[in-house]
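Taking it in order: structure first as structure tokens, then the write-up.
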Amino acid sequence: MSVPRPAAVIVLAAGEGTRMKSRTPKILHELCGRALVDHVLVAARGLDPERLIIVIGHERERVQAHLAGTSPDAQAVVQVEQKGTGHAVRTALEAAGVIDGTVLVTYGDTPLLRTETLAALLERHDEDGNAVTVLTAEVPDPYGYGRIVRDASGAVLEIVEEKDADPAQRAIKEMNSGVYAFDGRLLADAVKRVSASNAQGEEYLTDVLSILREDGHRVGAHIAADYVEVEGVNDRVQLAFARKVLNARLLEAHMRAGVTVVDPAGTWVDVDVILEADVVIHPGTQLHGCTTVAMGAEIGPASTLTDTIVGEGALVRNAVCVDAVIGPEALVGPYAYLRPGTVLARKAKAGTYVEMKNAQVGEGAKVPHLSYVGDATIGAGANIGASAIFVNYDGVNKHHTTVGESAFVGCDTMLVAPVTIGDGAYTAAGSVIDTDVPPGAIGVARGRQRNIEGWVARRRAGTRSAEAALRAAEAGKQQGSQT
Ligand code: UD1
Ligand code: MG
């Protein structure tokens, strides 16, 4: 059957999250490239609700600013004082007005909850014609959670909080996930009748169940297939656990779609990463943000790519790449750092100990060893010798260097920008080039070498060098006599 569309999803996210011990509000902590609260909103959006409401309180300016960027479709309702989950829902409904139809309530700190699980809850709620259906789970250790109290026939009677439970109730393993489907009109009425006379002096949303049941309405539960999904993030240990679970889930989907992940435990991907079939990910690799890797490319080992686009068949080894574009069959690393604005065309190379920034490298052009390439355009087929440096910064401003097609920049050349090396031009090794080199010319800018014969024998007499020189001189004589 098709999933009934909820009239509203209300996300409770006003709490402080003290156990994170953080300056960042809990729900804004990052998990696989997305804030905790955004995971929840994405899952909720999958149900296509007519309205998306989020209750915020703690650090509301910061949370509101974040939501304005990621979720302009969500209506933020401020709960000034956090007087309990029942109070939070009451506050939301007072702001939202009458909601006819199904209202789904969930929390901002349960990032593992999938749309499919919420949909299953909605289906059960609809099929059974319930006034409220609570999502529950059987957990090995239910400590701290509200417990689901059922009668002998298995019908749900009430939810009792840990602090209000008697020993028999505490032994119950079925916990309240805090996610519910409600009839909107019945919820609005019942939530006004919730009292705060309990161990914590809070208005418990859980009390709505007993209130509706006592009113003669149908109350039900849906047991989640996987309890891990409903576990919230309250501290950094749980955050790390959630990251592990979500990462494994993402990698499994990639592997099933044809990606080879050599070491899933040592590979980390964000939710928005796109990997095509036959991509190979080697151990110790992290793919962040909107990184996209095309068919057959190999990434890793030990590479971290953020918002980087990798073309078909490229190889990226031991590299850190941020906001870079790596063309098809391009080669990067080992030990390369590609910074924002680096664009490698097809078959271009940024080799060992090479750093690039704001650099366009043409098709088949090579920067194989020990170079810094900043603010540059390198033509197709050009070769940049080992240890060449693009001197882009004069201490105040950055300047551009252009290297022409099939140009050859000698080893250890300093290209002092702004400067242009023409098509097919050369620079001599060790040159400091601060003047344009015309196409086809060679730029030579270095001191002429002079050799001072016998210097070591005179000035370093008795050293190992002097002895070696002496031996060479004798051997040289023989060589000389032979030729
Ligand atoms: C709640 C449930 C408990 C359930 C558990 C699951 C109640 C009374 N208890 O307990 O049965 O097992 O969740 O995790 O509902 N919030 C607000 N405003 C408030 C209070 C809370 O927005 O005034 C938000 C919090 O930010 C959080 C969520 O509601 O996201 C749950 O609040 P929390 O205080 O963690 O409830 P628990 O005591 O864990
Ligand atoms: Mg909690």
Side-chain angles (χ1 to χ4, degrees), residues 9-20 25-29 35-41 44 53-60 63-64 67 74 76-95 104-113 132 134-139 141-149 156-165 169-170 172-180 182 187 190-191 194-211 221 223-224 227-235 238 242:
V9 173
I10 300 176
V11 178
L12 305 188
E16 188 174 351
T18 43
R19 280 176 283 166
M20 294 299 281
K26 174 166 85 173
I27 55 168
L28 298 190
H29 273 259
L36 295 182
V37 68
D38 294 327
H39 282 282
V40 174
L41 290 167
I53 300 162
I54 175 158
V55 180
I56 61 173
H58 178 73
E59 288 243 42
R60 57 181 171 274
V63 173
Q64 222 151 10
L67 292 172
V77 173
V78 175
Q79 183 195 21
V80 179
E81 267 184 279
Q82 284 83 63
K83 297 184 195 166
T85 46
H87 181 259
V89 169
R90 181 154 70 81
T91 306
L93 293 178
E94 279 164 9
L104 189 112
V105 173
T106 182
Y107 295 162
D109 61 2
T110 51
L112 298 176
L113 207 45
V132 53
V134 55
L135 181 68
T136 72
E138 305 265 1
V139 292
D141 177 14
Y143 179 80
Y145 289 114
R147 307 296 207 286
I148 307 298
V149 182
V156 177
L157 290 178
E158 60 173 339
I159 300 174
V160 181
E161 291 305 293
E162 175 83 35
K163 288 185 177 142
D164 303 296
Q169 290 167 335
R170 283 190 185 145
I172 298 171
K173 296 267 194 224
E174 189 183 4
M175 59 80 106
N176 169 27
S177 70
V179 180
Y180 321 78
F182 289 103
L187 172 65
V191 85
V194 168
S195 87
S197 53
N198 49 53
Q200 302 185 87
E202 289 183 357
E203 293 179 34
Y204 288 170
L205 182 58
T206 46
D207 286 355
V208 167
L209 259 87
S210 346
I211 291 170
I223 304 178
Y227 76 86
V228 165
E229 260 189 60
V230 305
E231 293 199 324
V233 170
N234 294 299
D235 60 28
Q238 289 172 333

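In this chain, residues are counted from 1 in sequence order. One-based numbering, in listed order, for ligands and for the atoms of each. Since we're looking at a predicted model, the values are computed, not measured.
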So the atoms of ligand 1 within less than 4.0 Å of a heavy atom of A13 turn out to be 22 (O), 26 (O)
4.0 Å heavy-atom contact, G84 with ligand 1 | yes
Short version for H87: what comes under 4.0 Å of ligand 1, heavy atoms counted, is neither
Separation between OG1 (T136) and CD1 (I223), nearest 0.5 Å, reads 4.5 Å
- Query: Is a side-chain N or O of N198 found less than 3.5 angstrom from the main chain of E202, in a donor-acceptor match?
  - Reply: yes
So CZ of R170 and CD of E161: to nearest 0.5 Å the spacing works out to 11.5 Å
In ligand 1, the atoms that come under 4.0 Å of a heavy atom of K83 are 23 (O)
Quick note on ligand 1: atoms under 4.0 Å from a heavy atom of G146 include exactly 3 (C), 4 (C), 11 (O), 12 (O)
Sorted by chain and residue number, the side chain to side chain donor-acceptor pair (under 3.5 Å) partners of E16 (sequence neighbours excluded) come out as none
From the list E158, E174, E162, salt bridge (charged side-chain N to carboxylate O under 4.0 Å, His left out) partner of R147 resolves to E162
Quick look: A88 vs ligand 1, heavy-atom contacts under 4.0 Å, and the answer is side chain
Check: Does any N/O atom on T206 come nearer than 3.5 Å to any N/O atom on ligand 1?
Finding: no
Exercise. Will you find, in the side chains of H87 and Q79, an N or O donor that is under 3.5 Å from an N or O acceptor?
Worked result: yes
### Query
Should L187 and L205 count as side-chain neighbours, where that means a heavy-atom distance under 4.5 Å?
yes
Taking distance alone, with N or O pairs closer than 3.5 Å, would you say N176 contacts ligand 1?
yes
Among I54, T106, T85, N234, the residue with a heavy atom nearest to atom 21 (C) of ligand 1 is T85
Looking only at non-hydrogen atoms, the one of Y107, Y180, Y204 nearest atom 8 (C) of ligand 1 is Y204
Under 3.5 Å: N/O of A14 near N/O of ligand 1 = yes
Fill in: L12-ligand 1 polar pair, N/O distance under 3.5 Å
yes
Note: ligand 1 atoms sitting under 4.0 Å from heavy atoms of E161 are 2 (C), 3 (C), 7 (C), 8 (C), 9 (N), 10 (O), 11 (O)
With heavy atoms and a 4.0 Å threshold, my read on which part of M175 contacts ligand 1 is neither
(Q) Strictly distance-based, threshold 3.5 Å: is any side-chain N or O of D164 a donor or acceptor partner for the main-chain N or O of A199? (A) yes
To the nearest 0.5 Å, atom OG1 of T18 lies from atom CG of N234 at 8.5 Å
